[in-house]
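Each chain gets a letter, A, B and so on, in the order its sequence line appears, and its residues count up from 1. Not measured: the values here are computed from a predicted model.
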Protein chains: 2
Amino acid sequence: MGKQMTEMLKGTLEGIVLAILSLRSAYGYEITARLREMGFSGIAEGTVYALLVRVERRGLVDVEKHPSEKGPPRKVYSLNATGQEYLAEFWETWRFLTGRLEQLHEGGR
Amino acid sequence: MGKQMTEMLKGTLEGIVLAILSLRSAYGYEITARLREMGFSGIAEGTVYALLVRVERRGLVDVEKHPSEKGPPRKVYSLNATGQEYLAEFWETWRFLTGRLEQLHEGGR
DNA sequence: GGCACTACTATGTGCTACTATGTACCAGTA
DNA sequence: TACTGGTACATAGTAGCACATAGTAGTGCC
């Protein structure tokens, strides 16, 4: 991963994961895989799990344990009402930022 | 400042400041003021100065001292060739991120 | 038995933005 | 004179995040 991407992901990765969960429930390993499919090839597994622990502790997601055919049981996360509110705020903040940056980028030519 | 914004600015604020400098040279206090005009009302002065020290140390900007009518002399920063390359990378990384997030946002409805 | 894949957990590090505080210089004003 | 407010820069300490690394543990295949 580039250093720029690493820094830029701070703050946004959380929103990305919550957005993924808003589409449908998922477990950690699955989320990591989906991120890779999306092109975030360098995101460390540990990062995703740590993030999930955080959002769980903050009460943004609900958790259920499901047995897995392979390996240890899965912790399936789903976005709850608080999480949805938080995600809405995230999108607002994101829109503000993109607005300013587009402005700057266009001003540059 | 919202907590989300604070985290999201990590990695992007640097790009924003470099983008400002790519339009024209500026000094710290001026940059802070321009950020406030842009709507980033909560960005601390200290943050901007620390950031400028960083980018100077990394050789992304050139510095000149100019006397000021008021207060201590100004340190005027201007983006050099290395900085311009770095900024170009920043825009690429940014475009990648916005692409993925737009995709997610649209998939959400 | 060794390897690859699934699935989660834990520790320590580096980087960044924030808060808070301080220095210093000048202009206006009561 | 003393005080306030604006200009201009600097720094020490804190919190949060992504990373690297390592470990546990089960399954299936050759």
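Residue B:R57 is classed as having no contact, given no heavy-atom separation below 4.0 Å to the nucleic acid. In this structure, A:A44 reaches the sugar-phosphate backbone alone: every heavy-atom distance under 4.0 Å involves primed, P, OP1 or OP2 atoms, never a base.
A:F90 places a side-chain heavy atom less than 4.5 Å from the side chain of B:L101. Residues B:L60 and B:L87 are not in side-chain contact: their nearest non-hydrogen atoms beyond the backbone lie 4.5 Å or more apart. Annotation: side chain of A:F40 is in contact with side chain of A:I16 (closest heavy-atom distance under 4.5 Å). Inter-residue side-chain proximity for B:L18 and B:V61 is flagged as met; some heavy-atom pair is nearer than 4.5 Å. In this structure, B:K75 and B:K65 have side chains that are in contact, with non-hydrogen atoms separated by less than 4.5 Å. By the 4.5 Å heavy-atom criterion applied to side chains, B:L21 and B:V55 are not counted as neighbours.
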Completion exercise
Pairs under 3.5 Å (Watson-Crick or G-U), crossing ones as [ ], inter-strand ones as |: DNA chain D comes out as ||||||||||||||||||||||||||||||

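Taking each heavy atom of B:A19 and B:S22 in turn, the nearest pair found is O-OG, 2.7 Å. Across all their heavy atoms, B:W94 and A:T98 have their closest contact at CZ2-CG2, 3.5 Å.
Taking the six-membered ring where tryptophan is involved, the planes of B:H105 and A:W91 are essentially parallel, since the angle between them stays under 30° and well short of 60°.
Within the 3.5 Å criterion, the main-chain N or O of A:Y86 finds a donor-acceptor partner in the side chain of B:Q4. A donor-acceptor contact shorter than 3.5 Å is absent between the side chain of B:E64 and the backbone of B:V76.
With sequence neighbours excluded, no residue forms a side chain to side chain donor-acceptor pair (under 3.5 Å) with B:Y49. Under the side chain to side chain donor-acceptor pair (under 3.5 Å) criterion, B:R100 pairs with no residue at all, not counting sequence neighbours.
Think of the region where chain A sits on DNA chain C: with heavy atoms and a 4.0 Å cut, that region ends 5' and 3' at C:dT6 to C:dT16.
For the segment residues 4-21 of chain B, the set of residues with a heavy atom within less than 4.0 Å of an atom of DNA chain C comprises B:T6, B:L9, B:K10, B:G11, B:L13, B:E14, in numerical order.
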Contact list (N/O, under 3.5 angstrom) for nucleotides 6-9 of chain D vs protein:
unit_1 : atom_1 : unit_2 : atom_2 : d
D:dT7  : OP2    : B:Y29  : OH     : 2.9
D:dA8  : OP1    : B:S68  : OG     : 2.9
D:dA8  : OP1    : B:R74  : NE     : 2.6
D:dA8  : OP1    : B:R74  : NH2    : 2.4
D:dA8  : OP2    : B:Y27  : OH     : 3.0
D:dC9  : OP1    : B:K75  : N      : 2.6
D:dC9  : OP2    : B:G28  : N      : 3.3
D:dC9  : OP2    : B:Y29  : N      : 2.8
D:dC9  : OP2    : B:Y49  : OH     : 3.1

